Chemist: 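Just dropping this structure here.
All of these numbers come straight from a predicted model, not from anything done at the bench.
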Amino acid sequence: MTFFENVDWSDIGQACLDTLIMLGGSLVLTILLGLPLGVLLYLTGKGRLIENRLANGALGIAVNILRSVPFIILLIVMIPLTVLLVGTSLGVAGRSRRWWWGPRPSTRASSRDR
């Protein structure tokens, strides 16, 4: 009896190949889009070879938008964990399940303190 007797190794091999293809595709896109974008952003900066405020501003906005995409994907992927922890994925209803904070102290002065 082997430990991996139920594993279909051809499926594992195909999954590894698919993963490598996706990694290769992202590497190619990074080199074709990211490298020229970064070089142009650097060269159009203040005091650089082809200083251009308008182009630098537009490229800076494009870079900032593209940089935020992985974080947005992470936020979407984390929605089920958020629902599990606080009971909702959006809004203030999650405050009602404060199992990690404990009771909240009152900020009102009691009648004896007046």
Chemist: To the nearest 0.5 Å, what is the distance between CG (Leu59) and CG (Leu43)?
Modeler: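 With rounding to 0.5 Å, CG (Leu59) is 10.5 Å from CG (Leu43).
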Chemist: Hey, which of Asp11, Asn6, Ile12 is the one that makes side chain to side chain contact (heavy atoms under 4.5 Å, CB included) with Asp8?
Modeler: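 Of Asp11, Asn6, Ile12, side chain to side chain contact (heavy atoms under 4.5 Å, CB included) with Asp8 is met by Asp11 alone.
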Chemist: To the nearest 0.5 Å, how far apart are CG in Leu37 and CG in Leu41?
Modeler: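 It comes to 6.5 Å.
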Chemist: Which distance, rounded to the nearest 0.5 Å, do you find between the CZ of Phe71 and the CE of Met78?
Modeler: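 Phe71 CZ to Met78 CE: 10.0 Å, rounded to 0.5 Å.
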Chemist: Establish whether Ile76 and Leu81 are linked, either directly or via other cluster members, by ILVMFWY side-chain heavy-atom contacts under 4.5 Å.
Modeler: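 No, Ile76 does not connect to Leu81 through the hydrophobic network.
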Chemist: State, to 0.1 Å, how close Asn64 and Arg67 come at their nearest heavy-atom pair, and which atoms those are.
Modeler: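 It is OD1-NH2, 2.9 Å.
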Chemist: With a 3.5 Å distance limit and no angle check, can you tell me whether Glu51 reaches the backbone of Gly47 through a side-chain donor-acceptor pair?
Modeler: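 Side chain of Glu51 to backbone of Gly47: a pair is present.
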Chemist: Let me check something: do Leu85 and Leu74 share a hydrophobic cluster, defined by ILVMFWY side-chain heavy atoms less than 4.5 Å apart, either directly or through other members?
Modeler: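 Same hydrophobic cluster.
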Chemist: Quick one: do Ile50 and Val39 end up in the same hydrophobic cluster if we chain Ile, Leu, Val, Met, Phe, Trp and Tyr together by side-chain heavy atoms under 4.5 Å apart?
Modeler: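 Per the 4.5 Å side-chain linkage, Ile50 and Val39 are co-clustered.
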Chemist: How far does CG of Asn52 sit from OG1 of Thr44, to the nearest 0.5 angstrom?
Modeler: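 Spacing of CG (Asn52) from OG1 (Thr44) equals 6.5 Å.
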Chemist: Which value, rounded to the nearest 0.5 Å, describes the distance between Leu33 atom CG and Leu66 atom CG?
Modeler: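 Leu33 atom CG to Leu66 atom CG measures 8.0 Å (nearest 0.5 Å).
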Chemist: Can you name the nearest heavy-atom pair linking Ile65 to Ser68, along with the distance?
Modeler: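 In terms of heavy atoms, the two residues are closest at O-OG, 2.8 Å.
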Chemist: Do Arg53 and Asn56 have a side chain donor and acceptor closer than 3.5 Å?
Modeler: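 Checked: Arg53/Asn56 side chains show no N/O donor-acceptor pair below 3.5 Å.
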